[in-house]
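Residues take their numbers from the sequence shown, with the count starting at 1. Note that ligands are numbered from 1 as they come in the structure, with each ligand's atoms numbered from 1 the same way.
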Amino acid sequence: MTNQNITVAGAGVMGRGIAYVSALAGFHTILVDVSKDQLESAIKYVNTTAQKGIQKGKITEKQAKNVLANLETTSKLKEALVTTDLFIEAVPEKQHIKKMLMQDADAFAPKHTIFASNTSTISPTELASFTNRPEQVAVMHFFNPAIQMPLVEIVRGIQTNDQTVKVIQEVAKKLGKESVQVNEFPGFVTSRISALVGNEAFHMLQEGVATAEDIDKAIRLGLNYPMGPLELSDLVGLDARLNNLKYLHETLGEKYRPAPLLEQLVKAGRLGKKTMHGIYKYNE
Ligand SMILES: NC(=O)c1ccc[n+]([C@@H]2O[C@H](COP(=O)([O-])OP(=O)(O)OC[C@H]3O[C@@H](n4cnc5c(N)ncnc54)[C@H](O)[C@@H]3O)[C@@H](O)[C@H]2O)c1
């Protein structure tokens, strides 16, 4: 990458974390979202995260200042893309939203800009087909919380060129992440496993096999997972989890049909930590 400008679209659970690590790594970072409330909430998140980082000795005061200096927010996609070298989209896992965004961004971004999608399931070939630069499009899949999780899963589409993968690998490294390359297949490696385990936990809860607390505790302590599948779903967002399962159900079949309880909780607006109530209730 000749320059050092990154634009992140979507200031939600993932986009704000990706923007934070990008600004921390010294990239001039623009975070763009259609919702001004989400941008405000993302800035609060960045400030709090930087302050906590100082308190815990993870970053210096100077680094915290640099994060804020390197980060801009806007609700105007066109402005956000004028000088960008790498565009990372983290908008909801809905094909029609991603399609419209990719088409608009393709019209606004400079010719050299690489497009990376943080999709958890959708085919990079399909996303690339919404642009006139298919060789410069790939999946760059971060994990939640993006400031903490050490992996980026890179998935190339059928036309993705080597240079695009190289740039994404280099950026991931600068962000302090390890990367793996995965062949194109719905759900890649991580989302497929995570969706199945999470869905099974919703089935168990619905069947009354155990309480949510005991399902999570059993998986944490019995199987040595760092988090139980239900608490992880609250962190991921139940809507995001449902969208992933719906896409996998459509593309890979019956095994991935979302548990009715998951659908019900999403209908009730219990989306997890982001709405302070999912499987569990949260105070802050
Ligand atoms: N939540 C997770 O744990 C997780 C983990 C890895 C990957 N992902 C993937 O990351 C992507 C985003 O997921 P999320 O959980 O952060 O979603 P989210 O719902 O928390 O945030 C999405 C944001 O996108 C914004 N948005 C919607 N349309 C937009 C547009 N056209 N332009 C700009 N902003 C727009 C929304 O206002 C919202 O702030 C999805 O593809 C998801 O599959 C999520």
**Item:** Closest protein heavy atom to atom 1 (N) of ligand 1, given as residue, atom name and distance to 0.1 Å
**Value:** Val236 O, 2.8 Å
**Request:** Report yes if some N/O of Ala9 lies less than 3.5 Å from some N/O of ligand 1; otherwise report no.
**Result:**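 Such a contact does not occur with ligand 1.
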**Prompt:** Given the rule in the side chain to side chain donor-acceptor pair (under 3.5 Å) test, do Thr164 and Gln136 qualify, once you have shown the distances and angles that lead to the verdict?
**Reply:** CA-CA 6 Å; Thr164 298; Gln136 288 163 233; over 6 Å; no
**Prompt:** Of Val91, Thr119, Asn144, Asn118, which has the heavy atom at the shortest distance from atom 40 (C) of ligand 1?
**Reply:**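 That would be Val91.
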**Asked** Which is it for Met100 and ligand 1 at heavy atoms under 4.0 Å: side chain, backbone, both or neither?
**Response** neither
**Within-cut-off N or O pair, Met14 and ligand 1, under 3.5 Å** =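 Yes, since at least one N or O of Met14 sits under 3.5 Å from an N or O of ligand 1.
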**Asked** Who's the nearest protein heavy-atom neighbour of atom 6 (C) of ligand 1, and how far?
**Response**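 For atom 6 (C) of ligand 1, the nearest protein heavy atom is Phe142 O, 3.2 Å.
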**Request:** With side chain to side chain donor-acceptor pair (under 3.5 Å) as the test, would you mind laying out the steps for Thr119 and Glu93 before giving the verdict?
**Result:** CA-CA 6 Å; Thr119 177; Glu93 193 77 349; 2.7 Å; yes
**Request:** Give a yes/no verdict on whether any heavy atom in Ala90 is under 4.0 Å from an atom of ligand 1.
**Result:**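 Yes, that is the case, since the closest heavy atom of the residue is under 4.0 Å from the ligand.
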**Item:** Intermediate values then yes/no, salt bridge (Lys or Arg N to Asp or Glu O under 4.0 Å), Lys274 and Asp234
**Value:** CA-CA 8 Å; Lys274 62 181 163 187; Asp234 269 1; over 6 Å; no
**Request:** Say whether Ile6 and Val82 are linked into one hydrophobic cluster, either directly or through other cluster members, by side-chain heavy-atom distances under 4.5 angstrom.
**Result:** no
**Prompt:** Which one of Ile88, Asp37, Ile97 has a non-hydrogen atom at the shortest distance from atom 28 (N) of ligand 1?
**Reply:**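 Heavy atom nearest to atom 28 (N) of ligand 1 belongs to Ile97.
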**Request:** Using a distance threshold of 4.0 Å (strictly less than), state whether atom 17 (O) of ligand 1 has a protein heavy-atom neighbour.
**Result:**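 False for atom 17 (O) of ligand 1.
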**Asked** With atoms numbered from 1 as shown, which atoms in ligand 1 lie under 4.0 angstrom from a non-hydrogen atom of Lys98?
**Response** 40 (C), 41 (O)
**Fill in**
Checking heavy atoms under 4.0 Å, the part of Asn244 that sits near ligand 1 is side chain
**Asked** Are Tyr247 and Phe142 connected in the hydrophobic side-chain network, where two residues link if heavy atoms are under 4.5 Å apart?
**Response** no
**Prompt:** Among the clusters formed by ILVMFWY side chains lying less than 4.5 Å apart, do Leu262 and Ile279 turn up in the same one?
**Reply:** yes
**Request:** Examine Leu77 and Leu39 and state if one hydrophobic cluster contains both, with Ile, Leu, Val, Met, Phe, Trp and Tyr joined whenever side-chain heavy atoms are less than 4.5 Å apart.
**Result:** no
**Prompt:** For Arg16, is the nearest heavy atom under 4.0 Å from an atom of ligand 1?
**Reply:** no
**Neighbour count >12 (heavy atoms, 6.0 Å) for atom CG, Leu151** =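 Yes, because the 6.0 Å sphere around CG of Leu151 holds more than 12 heavy atoms from other groups.
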**Request:** Specify the closest pair of heavy atoms between Leu235 and Pro145, including all atoms of both residues, with the distance to one decimal.
**Result:**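 The answer is CD2-CD, 4.2 Å.
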**Prompt:** Asp239 to ligand 1: N or O pair under 3.5 Å?
**Reply:** no
**Prompt:** Among all protein non-hydrogen atoms, which one is nearest to atom 19 (O) of ligand 1, and what is the separation to 0.1 Å?
**Reply:** Lys274 NZ, 3.5 Å
**Request:** Rounded to the nearest 0.5 Å, what's the gap from CZ on Arg156 to CD1 on Ile168? Could you check?
**Result:**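 Arg156 CZ to Ile168 CD1: 10.0 Å, rounded to 0.5 Å.
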**Prompt:** Would you say Arg241 contacts ligand 1, with heavy atoms under 4.0 Å as the rule?
**Reply:** no
**Asked** Tell me: protein heavy atom nearest atom 30 (C) of ligand 1, and distance?
**Response**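 Closest protein heavy atom to atom 30 (C) of ligand 1: Val34 CG1, 3.6 Å.
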**Message:** Are His141 and Phe143 an aromatic pair, judged by ring center distance below 6.0 Å?
**Reply:**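 Close enough - the centres of the two rings lie under 6.0 Å apart.
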**Asked** Considering only heavy atoms, which of Ser120, Ser75, Pro145 lies nearest to atom 43 (O) of ligand 1?
**Response** Ser120
**Asked** Which atom names give the shortest non-hydrogen contact between Ala116 and Leu86, and what distance separates them?
**Response**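 Reported closest heavy-atom pair: CB-CD1, 4.1 Å.
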**Item:** Nearest-contact summary for atom 41 (O) of ligand 1 - protein heavy atom, Å
**Value:**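 Ranking protein heavy atoms by distance from atom 41 (O) of ligand 1, first comes Glu93 OE1, 2.4 Å.
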**Message:** Can you classify the ring geometry of Tyr280 versus Tyr282 as parallel (below 30°), tilted (30 to 60°) or perpendicular (above 60°)?
**Reply:**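 Tyr280 and Tyr282: perpendicular rings.
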**Asked** Taking all non-hydrogen atoms of both residues, which atom of Val155 and which atom of Glu184 are closest, and how far apart?
**Response** CG1-CA, 3.7 Å
**Request:** May I ask you to check whether Asp33 has an N/O atom sitting below 3.5 Å from an N/O atom of ligand 1?
**Result:** yes
**Prompt:** Does Glu89 come within less than 4.0 Å of ligand 1, judged by its heavy atoms?
**Reply:** no
**Asked** Which of these, Pro92, Ala240, Gly12, has its nearest heavy atom closest to atom 24 (O) of ligand 1?
**Response** Pro92
**Item:** ligand 1 contact by Leu235, heavy-atom criterion under 4.0 angstrom
**Value:** no
**Message:** If you measure every N or O of Val13 against every N or O of ligand 1, does any of those distances drop under 3.5 Å?
**Reply:**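 Between Val13 and ligand 1, an N or O pair is found under 3.5 Å apart.
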